[in-house]
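The next block holds one structure in the form of structure tokens; read it before the comments.
Worth knowing before you read on, the calculation uses all heavy atoms, side chains too, and leaves out hydrogens, waters and symmetry mates.
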Amino acid sequence: MTGSADFVPTGRSLRAERWRLRVRGAREFAGQFASRRDGLIGLAILSAFTLMALSPDLFVGAKETVVSATGTRLEPPSAAHILGADELGRDILNLTVHGARISMSIGLMATAITIVVGTSIGVAAGFLGSWTDSGLMRVTDFFLVLPTFVLAIVLAPVILDIIGPEAEFLGLRATLLVIVVVIGITSWATTARIIRSQTLSIRERMFVDRARVIGSGSGHIMRRHIFPNVVNLIVAQAVITFAAAVFIETSLAFIGLGDPFAPSWGQLLESAQSAGAPGLGAWWYIAPPATCVVLVVLSFTLVGNALDDILNPKAQVRR
Amino acid sequence: MSGRYIVQKIAQAIVTIIAIVLLNFLLFRMMPGSPERILLRNPYLTQEKVEQVRADWGLDKPLFPDQFVGYVKATAAGDLGYSLQFRGQSVVDVIESHFWPTMLLLIPAEVIAIIVGLTAGSYAGWRRGSGGDKVASGTSLILYSMPYFVIGMPLIIIFAAGLGWFPTSGMTTPGLSSASFLTQLFDFLRHLVLPLAAISLGLIGGYSIIMRSAIIETRSEDYVTTARAKGLKDRRVLRQHAFPNAMLPMVTIIAIQLGYVVAGAITAEVVFNWPGLGTLTVDALETRDYPVLQGVFLLLSVTVVVANLGADLIYGRLDPRVRS
């Protein structure tokens, strides 16, 4: 943290000094993270999945469709299809690898909404105080109490009806878009709470008073002085939110809110359930997407916990 | 516990419930078109008929205050409207008939999860860093990363489809209604085992992780050091000094968790085709049975608010520091 106590006159320019502190901070952080075995394991798994999401064609070729399917109905694993085939004869390995991009981009976008909304509300409530704070916190508490998953189930068809099933945004079809928005709407409250409490303590620091004395407005202080000091927390929170987003997406897709034409892992599990795969003992249809979901959620949780321990000032006091 | 604390908490809960009712009312009126469009999916209706239905249902009156007041009055009187999916049945009846199957599943699941989760968590926390802790924490973290249905699917594959020990889905075997009570009970229990295991395992993950950190926190407290210094046996220090104090935060967490468990178990019910509230919700979603969706949402969110209130009140009772 670039507190004033760290500043020793060195004859360098302010810019150089700031840069030096930043590099030192990054190096310190890398050192701390490297000593966390759980975080490193998580990071390794995540890198593999990110690669898979970025270029699925590299590993398994183009995504198979009903037309290009090469297997037979619920074909067990063989040399030609290492993980067997689904009810339409599509290769499961192929579908699972392609599912990475869908599951993870939904997770990423939902996380982005969650973090932007949560941070804005948290910083505004914490910094502006008085009635803004109490008003925003009442709303936050309300969203914190609501059962997220049920709210998502209720919201999804309503939003789908409002924007229409034909809508498209950034190449995402309406159904997936709705999942992103619904996860965002229902999960920003935790972030807002955490960011607010951190903002409350930063607001009392000397540099905020100094900024005010030289005439900075509230908006400027929030952006240039408060925000940079909560970025650490935001990073840790974003990673944990990502795990939750993938988890919720999987469940929502499983109960039929996914997009059959862009199958995420949850959607694959839904198809498996509809095709009766569990009762038929077709483990090859279920194990690959299920394993991927668990690995991604688990590794994001591991990395998130490690980051939280290192970056969250409260956690540092705890230790 | 001071009266003011109780009154304040109850008032907060009431305000939240009013907000939920308002949200529930607005949500289903935000949809384009009008309610009668969904209800009267019939292109041959004459304009007069539509007008008459609108008047009958009070849809020709303004949203505020007429429609909202009507909605609140009806809701308060226990009238949640009629299901579209089950023609002619009221939402309350539909929800009630799916309520008990869910309870039959969730109550034992909670009991098992609390016992196993707290035991595993306190053992892991007490022997932090040991081999046992690593196994217990690792397992808990993996279970915690799995949606209930992802736990349920392998259970079906292994124990139902593979070994054939248990049925793959449902709550009863059809055609057994004339069999003896014991046969029916045994049949029900056989159906219960796998979904019960799936939900318990999912809950155990969360409980054990939280209990572990609660124990780790109490482990460094002075009274634990004192108990050790007195020469008490390790097991007794854990059971009589650390565990009861770690339970203090756990009681509230469990109380809050109880409110969310029905919502969490939705996917488990679907995978086992268990005829409870979760399956009802998903069926209502598929058939766009909005009155039922609204009713389930109302029931589950009010449950959560009440569970939270209960947690606040219990905590105020257990921990004197909260009252001031």
CD1 on A/I255 to OG1 on B/T267, rounded to 0.5 Å: 8.5 Å
Chain A contact via B/L23 - which portion, at a heavy-atom distance below 4.5 Å: side chain
More than 12 heavy atoms from other groups under 6.0 Å of CZ on B/R190: yes
Inter-residue atom distance B/L141.CG - A/N305.CG, 0.5 Å rounding: 7.0 Å
Shortest non-hydrogen contact from A/F142 toward B/A19: CE1-CB, 3.5 Å
Which of B/V270, B/L293, B/L285 touches chain A most, by non-hydrogen pairs under 4.5 Å: B/L285
Side chain, backbone, both or neither of B/P154 within contact of chain A (heavy atoms, under 4.5 Å): neither
B/M146 versus A/V294, closest heavy-atom pair with distance: CG-CG2, 3.5 Å
Any donor-acceptor pair under 3.5 Å from B/Y260 side chain to A/V145 backbone: yes
Proximal component of B/V271, with respect to chain A [non-hydrogen, under 4.5 Å]: both
Heavy-atom proximity to chain A below 4.5 Å, by part of B/I142: both
Heavy-atom proximity to chain A below 4.5 Å, by part of B/Q12: side chain
For B/L27 against A/V158, the heavy-atom pair lying closest together: O-CG1, 3.5 Å
Part of B/I20 lying under 4.5 Å from any heavy atom of chain A: both
Selection from A/I248, A/T250, A/V296, A/V293 maximising heavy-atom pairs under 4.5 Å formed with chain B: A/T250
B/I156 side, atom CD1; A/L280 side, atom CG - distance, nearest 0.5 Å: 11.0 Å
Close side-chain approach of B/V262 to A/P147, heavy-atom, < 4.5 Å: no
Segment of B/A263 engaging chain A (4.5 angstrom heavy-atom cut-off): both
Between A/G266, A/A290, A/S251, the one whose heavy-atom pairs under 4.5 Å with chain B are most numerous: A/S251
Min side-chain heavy-atom separation A/L146-B/F297 under 4.5 Å: yes
Nearest heavy atoms of B/M153 and A/L269, plus distance in Å: CE-O, 3.5 Å
B/Y71 atom OH: more than 12 heavy-atom contacts under 6.0 Å: yes
A/L144 versus chain B, the contacting section by heavy-atom distance below 4.5 Å: backbone
Region of A/L302 in contact with chain B, defined by heavy-atom distances below 4.5 Å: side chain
Contacting moiety of B/Y148, where chain A heavy atoms sit under 4.5 Å: neither
Candidate pair B/V150 and A/F254, rule side chain to side chain contact (heavy atoms under 4.5 Å, CB included), full reasoning: CA-CA 10 Å; B/V150 173; A/F254 179 70; over 6 Å; no
